[in-house]
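This chain uses plain numbering: 1 for the first residue, then up along the sequence.
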Amino acid sequence: MGMSSLKLLKYVLFFFNLIFWFCGCCILGFGIYLLIHSKFGVLFHNLPSLTLGNVLVIVGSIIMVVAFLGCMGSIKENKCLLMSFFVLLLIILLAEVILAILLFVYEQKLKGYVAEGLTKSIQRYNSDNSTKAAWDSIQSFLQCCGVNGTSDWTSGVPASCPKGSNVKGCYIQAKQWFHSNFLYIGITTICVCVIQVLGMSFALTLNCQIDKTSQVLGL
């Protein structure tokens, strides 16, 4: 009974981490795609490297490393790798909780930083081709104009701005897009946390089962 439970847990955790690893590959690939094709980082001149593409590359790489440890630890029944997998997942989960708290506490400062960064980037629209391309892309995608409206473009409204008298600013449109997709973002976040907790539970259970099986076999 002990050996059959051990094998079941081993393969469940292995396939769980294999799927986890493929998800990491997809995130990493999408992040690289955004780095190549997206230029939104230039809108924030003080932190140009803080872009969605860079974040996805880092997250995807971490997921792949953690999932690899889980796969190797489960298939080889290695307690050291299993505990490393558990500790890394725990650290990632705690980091996500801390990040969520910081975003909640400093929400207003973050909003002010985003608005300030976008306003300053407008001044570089005619002098920097990357900034021009980024603004044209975001205005076409969100069907918006400027940060707060067409009045932000003192040197002339770009052709990428939609036509009309009731055109909204990109900052407002971005906030509305986030609020309209908040449910999906929340569900995705909860699913990720549940997957992490399940992975930690499987790792601990398999680790305990390895100890029990070793005691039964007299190892």
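Between Q123 atom CD and T154 atom OG1 the span is 8.0 Å, to the nearest 0.5 Å. Taking CG from N78 and CG from L206, the interatomic distance works out to 10.5 Å, rounded to the nearest 0.5 Å. Here the straight-line distance linking atom CD1 of I98 with atom CG of L93 works out to 10.0 Å at 0.5 Å rounding. In this structure, CG in L82 is found 12.5 Å from NZ in K76, a value given to the nearest 0.5 Å. Here Q143 contributes atom CD and S160 contributes atom OG; the two are 10.0 Å apart, rounded to the nearest 0.5 Å. Rounding to the nearest 0.5 angstrom, the gap separating the CE atom in M64 from the SG atom in C71 is 11.0 Å.
Using cut-offs of 30° and 60° on the angle between ring planes, the pair F15 and Y11 is tilted.
Partners of V147 by side chain to side chain contact (heavy atoms under 4.5 Å, CB included), not counting sequence neighbours, listed by chain and number: L118, T119, I122, W135, D152, Y171. Applying the side chain to side chain donor-acceptor pair (under 3.5 Å) criterion to S140, with sequence neighbours excluded, gives no partner residue. Residues that satisfy the ring pair (Phe, Tyr, Trp, His ring centres under 6.0 Å) test with F178, not counting sequence neighbours, are F182.
Between L56 and L28, the closest side-chain pair of non-hydrogen atoms is not below 4.5 Å. Side-chain contact between N17 and F20 is present, with at least one heavy-atom pair separated by less than 4.5 Å. Side-chain atoms of L204 and M200, non-hydrogen and from C-beta on, never get closer than 4.5 Å to each other.
Sorted by first and then second residue, the disulfide (SG to SG under 2.5 Å) pairs with a member in residues 122-155 read C144-C170, C145-C161; sequence neighbours excluded. For residues 66-94, no residue pair satisfies the ring pair (Phe, Tyr, Trp, His ring centres under 6.0 Å) rule, not counting sequence neighbours. Counting only residues at least two apart or on different chains, the salt bridge (charged side-chain N to carboxylate O under 4.0 Å, His left out) pairs with a member in residues 78-106 are K79-D211.
Between L89 and Q196, the shortest heavy-atom distance links the atoms CD1-O, 3.6 Å. The two residues T188 and Y184 come nearest to each other via the heavy atoms OG1-O, 2.8 Å.
L90 and V192 are assigned to two separate hydrophobic clusters, defined by single-linkage of ILVMFWY side chains at heavy-atom distances under 4.5 Å. When hydrophobic clusters are built by joining Ile, Leu, Val, Met, Phe, Trp and Tyr residues whose side-chain heavy atoms come closer than 4.5 Å, directly or via intermediates, I19 is not grouped with I63. In the hydrophobic cluster analysis, where Ile, Leu, Val, Met, Phe, Trp and Tyr join through side-chain heavy atoms closer than 4.5 angstrom, I172 is grouped apart from I138. Under the 4.5 Å side-chain contact rule for hydrophobic residues, V197 and F202 share a cluster. L198 and I190 end up in the same hydrophobic cluster when Ile, Leu, Val, Met, Phe, Trp and Tyr side chains are linked at under 4.5 Å.
Atom CH2 of W21 has 12 or fewer heavy atoms from other residues, nucleotides or ligands within 6.0 Å.
Between the side chain of Q139 and the main chain of P162, no donor-acceptor pair closer than 3.5 Å is present. At least one donor-acceptor pair under 3.5 Å links the side chain of Q173 to the backbone N or O of L142.
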